[in-house]
Student: 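The following block contains the structure, expressed as C-alpha cells.
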Amino acid sequence: MVLLVVMGVSGSGKTTVGSRLAAKLGWKFYDADDYHSPENKKKMAAGIPLNDEDRIPWLCALHDILKREESSRQDAVLACSALKKIYRHILVSGASAIENNPSEKPGEDAALKILFVHLDGPPDLIARRLEKRRGHFMPLKLLQSQFDTLERPTAPENFITVSLEKSLPEIVLEIEQAIFSG
C-alpha cells in the first residue's frame, strides 16, 4: 500500500501529474484544493497568502483522508502544496505534529508512511503555466509568496524531487520507477 503526496508551488502541475499517475495505476486521487475552506479560497482569490493558522485545519483534514486510505489498505495520491516541513509533518502525523518538535526526528514515530514527490522547476516556467491557467482561485501574484514559503524537502524526509522541465509522461514514469524500485 502506497500513500503519495505530489507537492510543489502552485502551477507546478501537482493536480495534472497526480491525477495522471493515479489513473495510470488505478489508485484513488485527491486534490487538496478541493478541501480548502470557502474562507481560504476567498482569501487567496483576493491575493492574500494563507498563513499557518489558515492551513493547519486543512492539513489535519487531509491527514485524516490519508489515514482512512491507509486503514483500508488503499493506494492513494494526494496533490497538495505541502510547502513547509511542518505541513508535511502534519500530513504524516496529524494534529500531534503541532505539539511535537518536528525538527527533532521527523518521521520516527510517524503515523503514516508517505512518499513526497516534489515537483521542482524554475520560477519563470511555473509563472508561464500559471498565466495560462483559468478558473482557479490562486492568482499569479501569489506565486512569489509560495516560493518564499517553500522549504524544499531534505533528509530524513521520505521524498524524491522531479524536474518540471521534463514532459508529463517522463515525470509520471520517473515517479512510477521510484515507487516500484524502492
Student: State the CE-OG distance between M1 and S71, to the nearest 0.5 angstrom.
Tutor: 8.5 Å
Student: Does the side chain of W27 come within less than 4.5 Å of L3's, by heavy atoms?
Tutor: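 A side-chain contact under 4.5 Å is absent here.
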Student: Within this structure, what is the OG-CD distance for the pair S163 and E174, rounded to the nearest 0.5 Å?
Tutor: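 Going from OG on S163 over to CD on E174, the span is 8.0 Å.
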Student: Can you name the closest pair of heavy atoms from K41 and D33 and give their distance?
Tutor: CE-O, 3.4 Å
Student: Quick one: ring pair (Phe, Tyr, Trp, His ring centres under 6.0 Å) pairs with a partner in residues 37-79, sequence neighbours left out?
Tutor: H36-W58
Student: Say whether L168 and L173 are linked into one hydrophobic cluster, either directly or through other cluster members, by side-chain heavy-atom distances under 4.5 angstrom.
Tutor: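 Different hydrophobic clusters.
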Student: Find the distance between CZ (R88) and CG (L59) and round it off to the nearest 0.5 Å.
Tutor: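 So the gap between those two atoms works out to 11.0 Å.
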Student: Testing N158, L66, L62, V77 for side-chain contact (heavy atoms from CB on, under 4.5 Å) with V5, which one passes?
Tutor: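 Checked N158, L66, L62, V77 against V5; only one passes side-chain contact (heavy atoms from CB on, under 4.5 Å): L66.
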Student: Which heavy atom of P49 sits nearest a heavy atom of G47, and at what distance?
Tutor: CD-O, 3.6 Å
Student: With heavy-atom distances below 4.5 Å as the criterion, would you say the side chains of P153 and H118 are in contact?
Tutor: yes
Student: Got a second to check how far T16's OG1 is from I171's CD1, nearest 0.5 Å?
Tutor: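 Output value for this atom pair is 9.5 Å.
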Student: Heavy-atom distance under 4.5 Å between the side chains of P122 and E165, does that happen here?
Tutor: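 P122 reaches E165 side chain to side chain.
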Student: Going through the checks in order, is the side chain to side chain contact (heavy atoms under 4.5 Å, CB included) test met by C60 and I90?
Tutor: CA-CA 6 Å; C60 288; I90 293 168; 4.0 Å; yes
Student: Could you walk me through whether L4 and I179 satisfy the side chain to side chain contact (heavy atoms under 4.5 Å, CB included) test, starting with their C-alpha distance in whole Å, then the side-chain angles of each, then the deciding distance to 0.1 Å, before giving a yes or no?
Tutor: CA-CA 9 Å; L4 192 81; I179 292 167; 4.2 Å; yes
Student: What distance do R152 atom CZ and M7 atom CE have between them, rounded to the nearest 0.5 Å?
Tutor: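 Rounded to the nearest 0.5 Å, the CZ-CE separation comes out at 9.0 Å.
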Student: Using side-chain contact (heavy atoms from CB on, under 4.5 Å) as the criterion, list what pairs up with D64, not counting sequence neighbours.
Tutor: none
Student: Is K84 reaching over with its side chain to a backbone N or O of H89, donor-acceptor style, under 3.5 angstrom?
Tutor: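 No: the side chain of K84 does not pair with the backbone of H89.
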Student: So N40 and Y35, do their side chains get closer than 4.5 Å, heavy atoms only?
Tutor: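 Side-chain contact under 4.5 Å: no.
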Student: Would you say the side-chain atoms of T149 and Q146 include a donor-acceptor pair closer than 3.5 Å?
Tutor: no
Student: Between K24 and E176, does at least one N-O distance fall below 4.0 Å, as a salt bridge requires?
Tutor: yes
Student: Does the side chain of K43 reach to within under 4.5 Å of the side chain of D54, using non-hydrogen atoms?
Tutor: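 Yes, close enough: below the 4.5 Å cut-off.
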Student: S81 versus V9: any side-chain heavy-atom pair under 4.5 Å?
Tutor: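 The answer is no; the side chains never approach within 4.5 Å.
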Student: If I compare all heavy atoms of S19 with all of F29, which pair ends up nearest, and what's the gap?
Tutor: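 Of all heavy-atom pairs spanning S19 and F29, the closest is N-CE1, 3.3 Å.
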Student: Do you know which two heavy atoms are closest between I114 and L91, and how far apart they sit?
Tutor: CD1-O, 3.6 Å
Student: Enter the distance from S145:OG to I48:CD1 here, rounded to the nearest 0.5 Å.
Tutor: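 S145 atom OG to I48 atom CD1 measures 11.5 Å (nearest 0.5 Å).
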Student: Is there a side-chain contact between Y30 and E69 in this structure, where contact means two heavy atoms from C-beta onward sitting under 4.5 Å apart?
Tutor: yes
Student: Within the distance-only criterion (no hydrogens, no angle test), does the side chain of R55 pair as donor or acceptor with the backbone N or O of Y87 below 3.5 angstrom?
Tutor: no
Student: Side chain to side chain contact (heavy atoms under 4.5 Å, CB included) between V6 and L119: does it pass, once the steps are laid out?
Tutor: CA-CA 7 Å; V6 179; L119 299 178; 3.4 Å; yes
Student: Mark yes or no for whether E157, through its side chain, and T154, through its backbone, hold a donor-acceptor pair below 3.5 Å.
Tutor: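 Yes.
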Student: Please check if any side-chain donor atom of T15 sits under 3.5 Å from a side-chain acceptor atom of D31, or the reverse.
Tutor: yes
Student: Is there a donor-acceptor pair closer than 3.5 Å between any side-chain N or O of S93 and the backbone N or O of S96?
Tutor: no
Student: Enumerate the residue pairs fulfilling ring pair (Phe, Tyr, Trp, His ring centres under 6.0 Å) with a member in residues 3-25, sequence neighbours excluded, ordered by first and then second residue.
Tutor: none
Student: Does any part of the side chain of V162, heavy atoms only, come nearer than 4.5 Å to the side chain of V117, both counted from C-beta?
Tutor: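 A side-chain contact exists here, since the closest heavy-atom pair is under 4.5 Å.
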